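Scroll down for the structure; my scribbles are underneath it.
Side chains included, hydrogens not; waters and symmetry mates left out as well; all remaining heavy atoms used. Only a predicted model underlies this, so the values are computations on that prediction, with no experimental measurement involved.
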Amino acid sequence: QVHLVESGGGLVQPGGSLRLSCAASGNFRSIGNMYWFRQAPGLRRELVASITSSGGTNVGDSVKGRFTISRDNAKKTVDLQMNSLKPKDTAVYYCAADVVLSTLATYTSWGQGAQVTISS
């Protein structure tokens with residue numbers, strides 16, 4: 001069983017910053033790609049950013065230049081630094097990770113979600 005736990009969500013004014021963190025725990029061989037998704041009410045879940053195990057990153061167009069994804073392989077964590085936040089960034093943010101259990105078993109694990117609200 002693998003657990004992903006997000007932290008750092010909250011309420012912030014437009015133009016402010018937040019940093020989300022996600023920590024993985026459990027019994028697994030390794031972690032591959034890690035992701036941050038978000039879902040606003042009434043909308044589909046959207047990929048915000050991803051990072052490979054070697055540190056290669058990809059950030060969605062809607063947050064490019066404002067959000068940065070990073071990871072610490074030793075601590076099994078992935079962070080999302082969010083700057084210049086806008087009301088449209090309001091959503092539940094989910095951490096996800098491709099977990100390698102064995103050479104034949106890999107699956108994507110999800111966190112429980114963290115609410116981020118941008119409002120004055």
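Sequence neighbours left out, the pairs with a member in residues 12-106 that pass disulfide (SG to SG under 2.5 Å) are C22-C95. Each disulfide (SG to SG under 2.5 Å) pair with one or both residues in residues 24-61, not counting sequence neighbours, would appear here, but there are none. Annotation: ring-ring contact (aromatic ring centres under 6.0 Å, His included) contacts involving residues 94-118, sequence neighbours excluded, comprise F37-W110. Contacts classified as disulfide (SG to SG under 2.5 Å) and involving residues 23-91 (residues at least two apart or in different chains) are not found. For residues 50-92, no residue pair satisfies the disulfide (SG to SG under 2.5 Å) rule, not counting sequence neighbours. The ring-ring contact (aromatic ring centres under 6.0 Å, His included) pairs that include a residue from residues 51-88 number zero, where partners must be two or more places apart or lie in different chains.
Here the side chain of Q39 pairs no donor or acceptor atom with the backbone of A91 at under 3.5 angstrom. Proximity of a side-chain donor or acceptor of E46 to a complementary backbone N or O of R38 within less than 3.5 Å is not detected. Listed for the S50 side chain is no donor-acceptor partner under 3.5 Å among the backbone atoms of Y35.
Following chains of ILVMFWY side-chain contacts shorter than 4.5 Å, one can reach W36 starting from I118, so the two form part of one hydrophobic cluster. Grouping the Ile, Leu, Val, Met, Phe, Trp and Tyr side chains by contacts below 4.5 angstrom, directly or via other members, places V2 apart from V100. Tracing side-chain contacts under 4.5 Å through hydrophobic residues (I, L, V, M, F, W, Y), one reaches V63 starting from V12; they form part of the same cluster. Residues M34 and V48 fall within the same hydrophobic cluster, defined by Ile, Leu, Val, Met, Phe, Trp and Tyr side chains chained together at heavy-atom separations under 4.5 Å.
Residues that satisfy the side chain to side chain donor-acceptor pair (under 3.5 Å) test with S25, not counting sequence neighbours, are absent from this structure. Legend: residues meeting side chain to side chain contact (heavy atoms under 4.5 Å, CB included) with T57, ordered by chain and number and at least two apart, are I51, I69. Partners of S70 under the side chain to side chain donor-acceptor pair (under 3.5 Å) rule, at least two apart in sequence or in another chain, do not exist in this structure. In this structure, the side chain to side chain donor-acceptor pair (under 3.5 Å) partners of S54, at least two apart in sequence or on a different chain, are T52.
Atom CG of N33 and atom OG1 of T108 lie 9.0 Å apart (nearest 0.5 Å). Between L18 atom CG and D89 atom CG the span is 10.0 Å, to the nearest 0.5 Å.
Considering every non-hydrogen atom in both T90 and Q115, the closest pair reads CG2-NE2, 4.1 Å. Across all non-hydrogen atoms, the minimal contact from S109 to V99 is CB-CG2, 3.9 Å. The nearest pair of heavy atoms linking K64 to V59 is CE-O, 3.2 Å. Here the closest non-hydrogen pair linking S53 and N73 is O-ND2, 3.0 Å. The shortest non-hydrogen separation linking E6 to A114 is CB-CB, 4.1 Å.
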Atom pairs and distances, donor-acceptor, side-chain atoms in residues 74-82, under 3.5 Å, two or more places apart:
{"residue": "D79", "atom": "OD1", "partner": "S21", "partner atom": "OG", "Å": "3.0"}
{"residue": "D79", "atom": "OD2", "partner": "R19", "partner atom": "NE", "Å": "3.3"}
{"residue": "D79", "atom": "OD2", "partner": "R19", "partner atom": "NH2", "Å": "3.1"}
{"residue": "Q81", "atom": "OE1", "partner": "R19", "partner atom": "NH1", "Å": "2.9"}
{"residue": "Q81", "atom": "NE2", "partner": "N83", "partner atom": "OD1", "Å": "2.9"}

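Members clustered with L43: none, using a 4.5 Å side-chain heavy-atom cutoff among hydrophobic residues.
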**Request:** Using the side chain to side chain contact (heavy atoms under 4.5 Å, CB included) rule, take S119 and L11 through it: C-alpha gap first, then chi angles, then the decisive distance, then the call.
**Result:** CA-CA 7 Å; S119 175; L11 171 65; 4.1 Å; yes
